[in-house]
Amino acid sequence: FQEALITVRAVADLMDSSPELTFIRGESAIYAYIEEHDPALFARIRKFVEAGRWDVVGGSVIQPDTNLPSTETLCRQYAVGRAYFRDRFGAAPVIAWAADSFGHSAGLPEILAASGMRGFAFTRPFPAQLPIPKAAFWWEGPGGSRILAYRPPFGWYGSDRAEMMRRLDGVLAAAEQGGLENVGVFFGVGNHGGGPTRRQLDDLAHWAAAHPEVKTVYSGLHRLFAAIEEEAARGGDDYLPTHRGELNYCLRGCYSSAAKVKTLYRRCEATVERAERLDSLTLARVTGAQPVPLVPAIDAMWEAVLVNAFHDILPGSSIERALDDQIAWMGGALHQAQRVEVTALNQLAALADTSVRKPAADHPSMVPFLVWNPHPSAYSGPIELETCVDYRPVEAYAGRSGALPLELLGSDNTPVRFQRISPESDFAPDTPWRVRVLAHVTVPPCGWSILRLGWVEGARHVGPALGPAAAADGDRRIVSSALVVEARPGDEGVRIEQGGAPLLGGAGLQLLTMEDPWGSWGGMSEEPDSLALSTVRHTWVVAEARTTEEGPERAQLWVRLKGGDSWCDLTFSLLRGAPYIDVAARLLWNERSARLKLAMPPAALTGPLRAHMDVPGATVTRAACGEMPGGRWVRVEGAAQPFGFVSDSLYNFSLEASALHATIARATRYSTDRVIGPEERHWQPAVDAGELRFRFRQAVGEAATPAALACLARELEQPPIALVVPAS
């Protein structure tokens, strides 16, 4: 922000002395910073805008990564950014600007068009990485929306001081070869473009005088795009090529660098979205007022999400100190979102019937819970409830905690089947007072249910006794009606079966440590060895396995795998009737110049593997193409039994000859483009050393369709909330 303010001040001074000079500047967050800290400079900008010399472009809050944020977040970039520009300058830009973002989702044309944008200027990936016949082209999204896109045919988004003559010569030669009359020359000294120097302006004048056959115009993106649109209209329908699909790939290390940032970002993004929805709907129900899209508290939380989508923050290419600051900011936004949720849930509880039966004498009453479903479709699935059933340990049941009679009532005050599970608190386990249960509940869309849990002597049972729907079969194997999970110490993976046949081939679900000496951004020039990492440093081995839970609703298997100096605990859960496996992962990562991959090889192939994947604004189908960005879910096709994978934090995938790989973490160094081996530069810390936690699900059958995977992913990222509320 300070650099931008200094650059803008220098450019404004240069524009005062060079009356032909024009300048483009995007990112509403930059303008807002200048407006706050240098009002006089902001007033000068206004005058340049009014004079037509300053082109407000981009329309976004910052220049975000456009492969990793959610569709909602990218839509917000333009909704919030364009609203600011419209308020401050009377008009919003219609040309988007991604100077340095590392590739672009196939759904971005849909997002841009829906946001009111008409054009898109970008530089990455460069022509050598993704050839397109002309610098200007129509970019069409999967829904049919199309925008005019422009990528300079030569050079990048900025320039060195002494290269203007060479840059102009290169652009002219490329334009003649590409068949365009109007081409843009991007130049400026500084990060993400910066501003011109006096020498560059002099060089431009000398070059223009030496090339009278070329008309050189100080311009902006809106004027450039208007000229290209006019040229295309004269040339006819086929004058510009049409590109369908994504604009990828480049700087592929950024799909997985700094997992600690990406994991927190995904959680913050999901929680803020959930909190806003809850707050908005609660306001409507409590007051009858129409929902307000951006109230101050929600606006501040979204600012954290939007700014931290910046293409050198979320991709993990910043220095450690910067990432520490961003982690602190996102933690604050997450806390604020949770406060908004608690306030809204208490307002809903005041509307609901949370009454409980009056207990006899001084026996504790039942505890009411409000369970909120944040999704626009009904939720039917597991919910965990934990509470103290008394304020002091129940001495009458000391030494026999499992005998404490519990009752769980639904919204209609009828008993609900549940399974006792271990509470998070391990204090005084032999003398019960705190309990945790698991139950299958149904909650209406964007609605709530009231459940009541308590210690009730003579507690009622729910119908006839049922056997375990998900059970432990021995100490290292759990089974359900649909799936089997088994882990044996010494094995190189966890075995998964569906319908009596292996779902995964080879050793099963595996962890592999791969050699990865590349820097934060991966291969800076798409070096072949950086695109598909194939050298295995460690194949992880099952060290311990133990069934930890079984009952009418769920069975759990805890597995510890070890590889090198690292270990990972995977807790597999099978739920009653659920055609998916839920996995909670806790990784202790202690490697350098390496990445950890989760390998999922199908048991049998029917053809080449393909990955049908969620990406911002769209879904795409990809074949093997090295490391690639992905969103919330992946469906693996080309297998005899297709399966799905969803996670709450992973963004990086690859298709190998016979397996889907998901990258969990990279042990690169902070903000480096060096190729560094594990035994080099020991004084530089490895990114993500320490503990990481995440969740994923593997789905089969009806749960592995794209629609079902999208639902599973939403519920994994934004689970229902269960809050203890006062009894009415």
Side-chain angles (χ1 to χ4, degrees), residues 67 103 105-107 142 244-246 248-249 252 255-256 483 485 492-499 501-516 522 526 528-536 539-540 579-581 583 595-615 618-647 650-664 696-710 712-713:
N67 277 315
S105 163
R244 297 178 180 87
E246 54 195 333
N248 276 320
Y249 305 97
R252 303 188 193 201
Y255 308 150
S256 52
L483 293 155
V485 181
E492 293 183 343
V494 178
R495 300 176 185 273
I496 299 174
E497 295 179 6
Q498 177 197 7
L503 176 68
L504 299 182
L509 186 74
Q510 288 187 289
L511 290 176
L512 303 172
T513 302
M514 315 298 289
E515 298 290 349
D516 184 359
E526 290 284 276
D529 287 347
S530 73
L531 306 186
L533 303 168
S534 57
T535 302
V536 177
T539 298
W540 291 44
Y580 65 86
I581 304 166
V583 187
R595 79 165 61 200
L596 180 62
K597 287 193 171 189
L598 184 70
M600 294 162 275
L605 303 179
T606 58
L609 282 186
R610 301 179 306 280
H612 190 63
M613 310 179 77
D614 166 60
V615 297
T619 60
V620 296
T621 300
R622 294 166 169 157
C625 56
E627 304 300 327
M628 52 192 174
R632 277 67 185 158
W633 57 264
V634 182
R635 173 180 163 85
V636 176
E637 300 167 347
Q641 298 185 79
F643 62 84
F645 176 85
V646 304
S647 84
L650 306 184
Y651 294 93
N652 191 158
F653 302 90
S654 63
L655 274 180
E656 309 304 325
S658 59
L660 172 72
H661 286 184
T663 294
I664 296 171
F696 65 91
R697 288 173 176 171
Q698 192 154 22
V700 297
E702 63 187 31
T705 65
L709 290 171
L712 280 179

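- Here the shortest heavy-atom pairing between A704 and P642 reads CB-O, 4.3 Å.
- P579 approaches E702 most closely through the heavy-atom pair CG-CG, 4.0 Å.
- Remark: the backbone N or O of G631 is not paired with any side-chain donor or acceptor of D614 at under 3.5 angstrom.
- Between Q698 and L509, the closest side-chain pair of non-hydrogen atoms falls below 4.5 Å.
- Two residues are said to be in side-chain contact when any heavy atoms from C-beta on lie closer than 4.5 Å; R595 and H661 fail this criterion.
- If you take OG1 on T663 and CG on L650, they are separated by 8.5 Å, rounding to the nearest 0.5 Å.
- Pairing each heavy atom of P629 with each of N67, the nearest pair is CG-CG, 3.7 Å.
- Contact record, L511 with L598: CD2-CD1, 3.6 Å, taken as the closest heavy-atom pair.
- Distance check, rounded to the nearest 0.5 Å: CG of L503 to CZ of F643 gives 6.5 Å.
- Nearest heavy atom pair, residue S256 against residue N652, reads OG-OD1, 2.9 Å.
- Here the straight-line distance linking atom CG of D516 with atom CG of L533 works out to 5.0 Å at 0.5 Å rounding.
- Under the 4.5 Å side-chain criterion, counting only non-hydrogen atoms from C-beta, V634 is in contact with F653.
- Taken to the nearest 0.5 Å, the CD atom of E497 stands 9.5 Å off from the CG atom of L483.
- S530 is not listed as a side-chain neighbour of R252, based on a closest heavy-atom distance of 4.5 Å or more.
- Side-chain atoms of Q510 come within 3.5 Å of backbone atoms of E492 as a donor-acceptor pair (strictly under, hydrogens ignored).
- In plain terms, the two heavy atoms of W633 and A713 that are nearest each other are CD1-CB, 4.4 Å.
- Between L660 atom CG and R635 atom CZ the span is 13.0 Å, to the nearest 0.5 Å.
- A distance of 9.5 Å separates SG in C625 from CG in L531, rounded to the nearest 0.5 Å.
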